[in-house]
Protein chains: 2
Amino acid sequence: MAADCCDMRGMLSFLLLFLLSKKPMHGQQLAAELGKRKGCRPSPGTIYPALKALKEAGLIAEKRQGKTITYRLTPAGSRALRVAKARFCRTFTGLFP
Amino acid sequence: MAADCCDMRGMLSFLLLFLLSKKPMHGQQLAAELGKRKGCRPSPGTIYPALKALKEAGLIAEKRQGKTITYRLTPAGSRALRVAKARFCRTFTGLFP
DNA sequence: CTCCAAATATTGGATGTACGATATTTGTCT
DNA sequence: AGACAAATATCGTACATCCAATATTTGGAG
């Protein structure tokens, strides 16, 4: 995640946290949801490294179920999402007047 | 700008286009506005390369006035902003239910 | 004219996001 | 067991963004 307050990078991580806050999902579900929102589906080479970084940062946790791995927010992930939402809101106010 | 529909990169360019659509500004004004929105002010090494790329893409135009350079959207920049806004909206729907 | 401050610009190094290709794990079907 | 598909994972490369530091241009003050 973007720890830096000036960083426009980290939007993918932010979106992943947001999607997982609505419902625990596995990687391909996340890819499909991103595809629906953005117009085309991200590569495995995009999605899995991002999930790995979030996991290593302690913001998401995983549980293996057969072939798939279901990701969910940790308490730290929930807190990080709340902070990121506030910053996002402040950054983009006025976009749709 | 991000031409790719899957790309979360290009958010800074998007914000710059948005700010310039409200009012033509020069570089330091843009930096100050970003600082107000994001919580800390971007470096010159962030802002000027981004403006240069937007200029070379034909999305903004510049006019020198003494010490400062005032940037404004070109017609192509307005069109690009409209498209980017629509995608942004679709991507982040449901963030604040 | 000279010095200074403000605005603009560039450089080097780091990180996040992106794709295509390839590899690995796992469950299912025969 | 062996073949296959789906999900997960990694690799190499490219690019947008980021900062700190430094350089350049410009207008104004002394």
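Chain letters run A, B, ... following the sequence lines, proteins first and then strands; every chain starts at 1. Heavy-atom basis, side chains included; hydrogens, waters and symmetry copies ignored.
Exactly one residue among L59(A), L17(A), L20(A) makes a side chain to side chain contact (heavy atoms under 4.5 Å, CB included) with L81(A). That residue is L17(A).
Taking atom CZ of residue F14(A) and atom P of nucleotide dT15(C), one finds them 23 Å apart after rounding to whole Å. Nucleotide dC15(D) holds its C1' atom 15 Å from the NZ atom of K52(B), rounded to whole Å. Distance, L34(A) CG to dG16(C) P: 18 Å, rounded to whole Å. As a whole-Å value, the separation of L15(A) CG from dG16(C) C1' is 14 Å. Distance, I47(A) CD1 to dA21(C) C1': 18 Å, rounded to whole Å. Per the geometry, CG belonging to L17(B) stands 10 Å off P belonging to dT17(D), to the nearest Å. Residue L54(A) contributes atom CG, which lies 16 Å from atom C1' of dT8(D) at whole-angstrom precision. As rounded to whole Å, 11 Å separates atom P of dA9(D) from atom CD of Q28(A).
Near DNA chain D, meaning a heavy atom under 4.0 Å away, the residues from residues 60-69 of chain B are R64(B), G66(B), K67(B).
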Step-by-step side-chain contact (heavy atoms from CB on, under 4.5 Å) determination, F96(A) to K85(B): CA-CA 9 Å; F96(A) 296 98; K85(B) 264 187 177 177; 4.1 Å; yes
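T70(B) places no side-chain N or O within 3.5 Å of a backbone atom of M25(B) that could act as its donor or acceptor partner. In this structure, the side chain of R90(A) engages the main chain of R37(B) through a donor-acceptor pair within 3.5 Å.
Taking 4.0 angstrom as the limit, T46(B) places none of its side-chain polar atoms (N or O) nearer than this to OP1 or OP2 of dT17(D). The phosphate of dT17(D) (OP1 or OP2) has a side-chain N or O of S13(B) nearer than 4.0 angstrom.
Applying the 3.5 Å distance criterion, the base of dT17(C) shares no donor-acceptor pair with the side chain of R9(A).
L95(B) is connected to M11(B) through a chain of hydrophobic side-chain contacts under 4.5 Å among Ile, Leu, Val, Met, Phe, Trp and Tyr, so both are in one cluster.
Heavy-atom minimum distance, E33(B) versus L19(B): CG-CD2, 3.5 Å.
Between Y48(B) and A50(A), the one whose closest nucleotide on DNA chain C sits nearer the 5' end is Y48(B). Summary of the strand contacts: P44(A) and L12(A) both lie near DNA chain C, and taking for each the nucleotide with the nearest heavy atom, the more 5' one is attributed to L12(A).
The aromatic rings of F92(A) and F88(B) are tilted relative to each other, their planes meeting at an angle between 30° and 60°.
Here dA9(C) is the nucleotide among dT8(D), dA9(C), dT8(C) with the atom lying nearest to any side-chain atom of Y71(B).
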